[in-house]
Amino acid sequence: LEQQIEATLVAHRELAAPVLWSLPPGIISPGAVSLPLGWEDKLADLHTALSPLVKKGVVAGFFTGDEQCANGTCIENQLGPVAERLHALFDADGPVLVYANEALKVCDPKRGNTSWVLPASIDLFSVDVYSSGGLAEVAAVQAAVETCVLPRLRPHQSAMLVPGVFGNSGLP
């Protein structure tokens, strides 16, 4: 944790902006229908360690992790309670933002539950949409955001766009 805090301070100085803290493993249980035992204790420990950084404006919020949910139910049953608890712990220090990113499959009725509701405690939300690149990817992202993300947003929530980055894929 000390190394992560030091890296966060360096990033904050270099970016001259607050950063989002990624939640450690063991708080959300990918693919499960409920949160793992002890998740609230882990968030309480995180609050103890990070409260000073939130108060100083170094940490602006939290990233729940990349593609944590295999289906929409997880968004409601895991991401929602975690985001709600983060706000309860940290908003007095901040306030903070909670950002969640999911795979496009949470929007695909052929691949699972698409009747989920985006919890009010999640402030920023995005879905990964990657294709072979170019205009096909732009059209796929636009369709996903317009049909899946925007209709679920409450007035205080925002969609976040994540452009395709293929640095490790071998694609030109």
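Below, each value reflects all heavy atoms present in this structure, side chains not excepted, and no hydrogens, waters or symmetry copies.
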Any pair counted as disulfide (SG to SG under 2.5 Å), so long as it reaches residues 31-64, sequence neighbours left out: none
Under the side-chain hydrogen bond (donor to acceptor under 3.5 Å, both in side chains) rule, what pairs show up with a residue in residues 148-159, not counting sequence neighbours?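 Sorted pair list comes back empty.
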Could you note down all residue pairs passing side-chain hydrogen bond (donor to acceptor under 3.5 Å, both in side chains) where residues 17-32 supplies at least one of them, sequence neighbours left out? none
What residues, two or more places apart in sequence or in another chain, satisfy side chain to side chain donor-acceptor pair (under 3.5 Å) together with [X]?
X: Asp123; answer: His87
X: Gln142; answer: Glu146
X: Ser126; answer: Tyr99, Asn101

Check for a donor-acceptor pair, side chain of Glu102 on one end and backbone N or O of Gln68 on the other, with a separation under 3.5 Å.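 Such a contact is found between Glu102 side chain and Gln68 backbone.
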Write down the atom of [X], the atom of [Y], and the distance for their closest heavy-atom approach.
X: Ala17; Y: His12; answer: O-ND1, 2.9 Å
X: Leu153; Y: Ala159; answer: CD1-N, 3.7 Å
X: Val127; Y: Ala144; answer: CG2-CB, 4.1 Å

Please report the interatomic distance [atom1]([X]) to [atom2]([Y]), rounded to the nearest 0.5 Å.
X: Glu76; Y: Ser115; atom1: CD; atom2: OG; answer: 7.0 Å
X: Arg13; Y: Thr8; atom1: CZ; atom2: OG1; answer: 10.5 Å
X: Leu86; Y: Ser121; atom1: CG; atom2: OG; answer: 8.5 Å
X: Phe125; Y: Leu79; atom1: CZ; atom2: CG; answer: 8.0 Å
X: Met160; Y: Leu97; atom1: CE; atom2: CG; answer: 9.0 Å

Among Asn77, Val98, Leu35, exactly one meets side chain to side chain contact (heavy atoms under 4.5 Å, CB included) together with Val82. Which residue is that?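 Exactly one option meets the side chain to side chain contact (heavy atoms under 4.5 Å, CB included) with Val82, and it is Leu35.
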Establish whether Val10 and Leu1 are linked, either directly or via other cluster members, by ILVMFWY side-chain heavy-atom contacts under 4.5 Å. no
Mind checking whether Ile122 and Val117 sit in one hydrophobic cluster, side chains of I, L, V, M, F, W, Y counted as touching below 4.5 Å? no
Are Asp128 and Leu104 packed together at the side-chain level, in the sense that at least one heavy-atom pair is separated by less than 4.5 angstrom? no
Are Cys69 and Trp116 side-chain neighbours, meaning at least one heavy-atom pair lies under 4.5 Å?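 The answer is no; the side chains never approach within 4.5 Å.
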If the condition is side-chain contact (heavy atoms from CB on, under 4.5 Å), which residues does Ala92 pass it with, not counting sequence neighbours?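 Ala92: no side-chain contact (heavy atoms from CB on, under 4.5 Å) contacts found.
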With Gln3, which residues qualify under side-chain contact (heavy atoms from CB on, under 4.5 Å), at least two apart?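 Gln3: no side-chain contact (heavy atoms from CB on, under 4.5 Å) contacts found.
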Tell me whether the count of non-hydrogen atoms from other residues, nucleotides or ligands lying under 6.0 Å of CG in Leu37 goes above 12.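 Atom CG in Leu37 is not packed in, count stays at 12 or less.
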Table please: side-chain donor-acceptor pairs of residues 41-61 below 3.5 Å, with sequence neighbours left out.
{"residue": "His47", "atom": "NE2", "partner": "Leu89", "partner atom": "O", "Å": "2.9"}
{"residue": "His47", "atom": "NE2", "partner": "Asp93", "partner atom": "OD2", "Å": "2.8"}
{"residue": "Thr48", "atom": "OG1", "partner": "Ala44", "partner atom": "O", "Å": "3.2"}
{"residue": "Ser51", "atom": "OG", "partner": "Asp93", "partner atom": "OD1", "Å": "3.3"}
{"residue": "Ser51", "atom": "OG", "partner": "Asp93", "partner atom": "OD2", "Å": "2.8"}

